[in-house]
Amino acid sequence: MNTDDLSYLLNDLNDAQRQAVAAPPDRQRVLAGAGSGKTRVLVHRIAWLIQVEQASPYSVLAVTFTNKAAAEMRGRIQSLLGQHLQGMWVGTFHGLAHRLLRAHWQEAGLPEHFQILDSDDQHRLIRRVIKDLNLDEQRWPPKQAQIFINSRKDEGLRPQNIQANGDLFLATQRNIYAAYEAACQRAGAIDFSELLLRALDLWRNHPGLLEHYQRRFRHLLVDEFQDTNAVQYAWLRLLGQSGDSLMVVGDDDQSIYGWRGAKIQNIFQFCTDFPDARTVRLEQNYRSSATILNAANAVIAHNQERLGKELWTEGSQGEPIALYAAFNEYDEARYVTEQIRQAIGRGLARQDIAILYRSNAQSRVLEESLLREGIPYRIYGGQRFFERAEIKNAMAYLCVIHNPHQDAALERIINLPTRGIGDKTLDQLRDYARAHQVSLWTALHQSLERALISGRAASALLGFVQLLEELTQAVQGASLPRLTQILIERSGLWEYHRNEKGEKARTRLENLEELVNAAAAFEQDWDSSETPTPLAGFLAHASLESGEQQAAEHEDSVQLMTLHTAKGLEFPLVFMVGMEEGLFPHQMSLEEPGRLEEERRLAYVGITRAMQRLVMSHAEVRHLYGKEVRHALSRFVREIPSALIHSIRLSGNSGRASGLATSAPRLSESKGTAVAGTELKVGQLVRHALFGVGVLQAFEGSGAHTRVQIKFDTEGTKWLMLSHAKLES
DNA sequence: CGGTCGGCAGTTTTT
DNA sequence: CTGCCGACCG
């Protein structure tokens, strides 16, 4: 082999990366620290296997967790190889399971047109099942049952695997699980966890099929391995057993999804299950300053359960980490906003700035502050496109037109817009469907034929049947976007949402229009080898990809998101707000040591997002659920060596060394006292450019750190940084 | 059928 | 303090 031609595969790799990439086909566990170039290793490894080891692209399977990660990997493989994927499978666990089940629906015991239930659909169905079992909804909340069922499935457990041993709770949950499973089977529906478990069972129950895929996928690569659950791991073990190469890439220190079934133990277990596996550590970091890495290393070192890794960089020390002790959450937001304003002033792009918080509720105050200062921002999280009610309604019409025997979709639209089919009628249909083991659609027809349903309800049902017939007629031969548009209009959905009042209604209509665009875009790059029709593909697409987080905003804006969402991203300037015991680590994680370690990993993830500058903040007083609470400084901050931290204290008392203890600010509020070094006096009237006229109530600190409290006529009482407030007497 | 009121709970998120 | 859900009423 002429190695000159292949130098591009290894040239910009460090030793550890090269070890991982350029090995002959083997089993490897790559422990990739934050910012150590793991995607690069995965992509180069694939290219190496193909270019050097002469592996067929057809024999390569690469698995990720999110569609975004899969798309990125596909793109990078293509640009590195300069060719299309040529039969390579690169996708999410769920996407691949879906593909398998579509191809082998009979062996998997599914109807050809099985539908995927999202967690919303699942919740409705479980609620229904609990009702049908005559259980008290108060005592057996659907939410709880949903969590029970999903976590059992994630562990690979069926109802028959659950031993209740006389435990009423377990026995009841198991019964709900069993009844739910029966309902799913009858409706030809499977939920997300089931997708994975079914695919696993498919292989377990059909050794011939398993063998086929084992022969095909000689090379297996897994991203974010620390996030795999028991079923996904079992899947990999089955498939990877006999392959030529297997590479799992992950970071035990970044395992933050234990609460949803991810088993960090899989990383440890791997070397037991594959005794010949090598472990490669990627510890050189290409993202952050040495200060930031040292802080991250120091924090994560407090965890017991880890394989051990220490990030290092050839880069410079960088700035110290700033720690701001805010008076309350408004002051915190004000400080962050002000820092952002200054950073932008120095020329930093807004999209290079991120504000990270533990829980979504923290975003509101930050938003208000940014809004006031006119700084554009973008919030991650919140509802995704395909999860919006109006979109789900429209998709339900598409679903029913595709196959009317899909109960979840039919239930959703049978009386939407309202057409006189009430709960009682629906209950009759459900009972019939259950008794005769048929779909709702069949139940509807047979009930009408057998005249089981009386006058008014019957004519309403008949009207619905006619509507569906009309719609089916109307969309004959139409393109996917046209079909979507016809359904939205002729079903009455458009009219229905147009008659809603309020700002929301307008957005809903816009979203429906956007859905037509999405359909058009989907049809453009629809792959006819995956689904028989564009419609079938679009339905699967909608349930497997909840939709990008509204990418519409192209304007350069500051990024707000939770610490969880930030995983995998990087920003030159990062703010971690709410660094308080009870908030972060969260109250609910304080009891169990295992949960606390996961919180600490979350802190590690947060810190390692920062490239150049990291600013942390905490509030002495915070309003939580309408109450004022005082939190101590987060232990995660205290675990950072104080030499790496520059504390910004309210009192402006710069004489003290960099100790972390933040003394309560000294408050001066006696009338007539002059604010140090200024003309202003407590009690006097002042004018603020934005908030208008107010009375100066108090001040604290001196010099550049002086803050004043002003009671505004219209805006309430605020603390402002004197140096930026631009007050007029 | 749709609107309003009272009670209650209140992390993290992808598929 | 919110926001959601269920109950109740017109």
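Quick note: numbers below take in every heavy atom, side chains included, and nothing from hydrogens, waters or symmetry partners. Below, read A as the first sequence line, B as the second, and so on, with proteins coming before strands; counting in each chain starts at 1. What you see is a predicted model, and the numbers here were worked out from it, not measured in a lab.
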At under 4.0 Å, does any side-chain N or O of [X] touch on OP1 or OP2 of [N]?
{"X": "A:Thr418", "N": "B:dG2", "answer": "yes"}
{"X": "A:Asn360", "N": "B:dT12", "answer": "yes"}
{"X": "A:Thr565", "N": "B:dT13", "answer": "yes"}
{"X": "A:Asn415", "N": "B:dC1", "answer": "yes"}
{"X": "A:Thr562", "N": "B:dT11", "answer": "no"}

To the nearest angstrom, how far is [X] atom [atom1] from [N] atom [atom2]?
{"X": "A:Leu416", "N": "B:dC1", "atom1": "CG", "atom2": "C1'", "result": "13 Å"}
{"X": "A:Asp118", "N": "B:dT13", "atom1": "CG", "atom2": "C1'", "result": "14 Å"}
{"X": "A:Glu581", "N": "B:dT11", "atom1": "CD", "atom2": "P", "result": "18 Å"}
{"X": "A:Phe93", "N": "B:dT13", "atom1": "CZ", "atom2": "C1'", "result": "17 Å"}
{"X": "A:Tyr604", "N": "B:dT12", "atom1": "OH", "atom2": "P", "result": "24 Å"}
{"X": "A:Glu224", "N": "B:dT14", "atom1": "CD", "atom2": "C1'", "result": "12 Å"}
{"X": "A:Asn150", "N": "B:dT14", "atom1": "CG", "atom2": "C1'", "result": "12 Å"}
{"X": "A:Ile147", "N": "B:dT14", "atom1": "CD1", "atom2": "P", "result": "17 Å"}

Base, sugar-phosphate alone, or nothing: which one does [X] contact when heavy atoms must sit under 4.0 Å apart?
{"X": "A:Asp154", "answer": "nothing"}
{"X": "A:Tyr257", "answer": "sugar-phosphate"}
{"X": "A:Asp227", "answer": "nothing"}

Taking the minimum atom-to-atom distance to the side chain of [X], which one of [options] wins?
{"X": "A:Arg260", "options": "B:dT14, B:dT12, B:dT15", "value": "B:dT14"}
{"X": "A:Ser359", "options": "B:dT15, B:dT11, B:dT13", "value": "B:dT11"}
{"X": "A:Asn67", "options": "B:dT15, B:dT13, B:dT14", "value": "B:dT15"}
{"X": "A:Thr66", "options": "B:dT12, B:dG2, B:dT14", "value": "B:dT14"}

Self-check item: salt bridge (Lys or Arg N to Asp or Glu O under 4.0 Å) contacts touching residues 627-636 of chain A (sequence neighbours left out)
Solution: A:Glu581-A:Arg635
Self-check item: Rounded P spacing from B:dT12 to C:dC5 in Å
Solution: 16 Å
Practice problem: For C:dC4 versus B:dT13, give the span between their P atoms, rounded off to a whole number of Å. | Solution: 16 Å
Quiz item: Is a salt bridge present between A:Lys392 and A:Asp118, judged by a nitrogen-to-oxygen distance below 4.0 Å?
Solution: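 Answer for the salt bridge query: yes.
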Quiz item: Are A:Arg600 and A:Glu597 close enough for a salt bridge, meaning some N to O gap below 4.0 Å?
Solution: no
Practice problem: Flag the pair A:Tyr257 / A:His564 as yes when their ring centroid distance falls below 6.0 Å, and as no otherwise. | Solution: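 Close enough - the centres of the two rings lie under 6.0 Å apart.
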Practice problem: May I ask whether A:His564 stacks on the base of B:dT12, given the cut-offs of 5.5 Å between ring centres and 30° between planes? | Solution: no
Quiz item: For A:His104, what residues pass the ring pair (Phe, Tyr, Trp, His ring centres under 6.0 Å) criterion, not counting sequence neighbours?
Solution: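 Counting only residues at least two positions away or on another chain, A:His104 forms a ring pair (Phe, Tyr, Trp, His ring centres under 6.0 Å) with A:Tyr213.
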Self-check item: Contacts of A:Trp89 that satisfy ring pair (Phe, Tyr, Trp, His ring centres under 6.0 Å) - sequence neighbours left out
Solution: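 Testing A:Trp89 for ring pair (Phe, Tyr, Trp, His ring centres under 6.0 Å), a comparison that skips the adjacent residues, returns A:Phe217.
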Exercise. Strictly below 4.0 Å, heavy-atom distances to any atom of DNA chain B: list the hits from residues 589-600 of chain A, or just say none.
Key: A:Ser589, A:Arg595, A:Glu599
Self-check item: 5' precedence on DNA chain B between A:Met588 and A:Gly422 (nearest-nucleotide basis)
Solution: A:Gly422
Exercise. Specify the residue among A:Glu387 and A:Arg419 whose closest nucleotide of DNA chain B lies further upstream toward the 5′ end.
Key: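 Final value for this comparison: A:Arg419.
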Quiz item: How are the rings of A:Trp203 and A:Trp235 set relative to one another: parallel (under 30°), tilted (30 to 60°) or perpendicular (over 60°)?
Solution: tilted
Quiz item: Relative to each other, are the rings of A:His541 and A:Phe522 parallel, tilted or perpendicular (30° and 60° limits)?
Solution: tilted
For nucleotides 1-10 of chain C, print each protein N/O atom paired with a nucleotide N/O atom at under 3.5 Å, atom names and distance only.
none

Quiz prompt | By side chain to side chain donor-acceptor pair (under 3.5 Å) - contacts of A:Tyr233 (at least two apart) | solution =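 If we apply the side chain to side chain donor-acceptor pair (under 3.5 Å) test to A:Tyr233, skipping adjacent residues, the hits are A:Asp273.
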Self-check item: Nearest atoms (heavy-atom pairs only) where A:Gly420 meets A:Ala460
Solution: O-CB, 3.6 Å
Quiz item: Within a strict 4.5 Å, meaning less than it, do heavy atoms of the A:Glu329 and A:His623 side chains meet?
Solution: yes
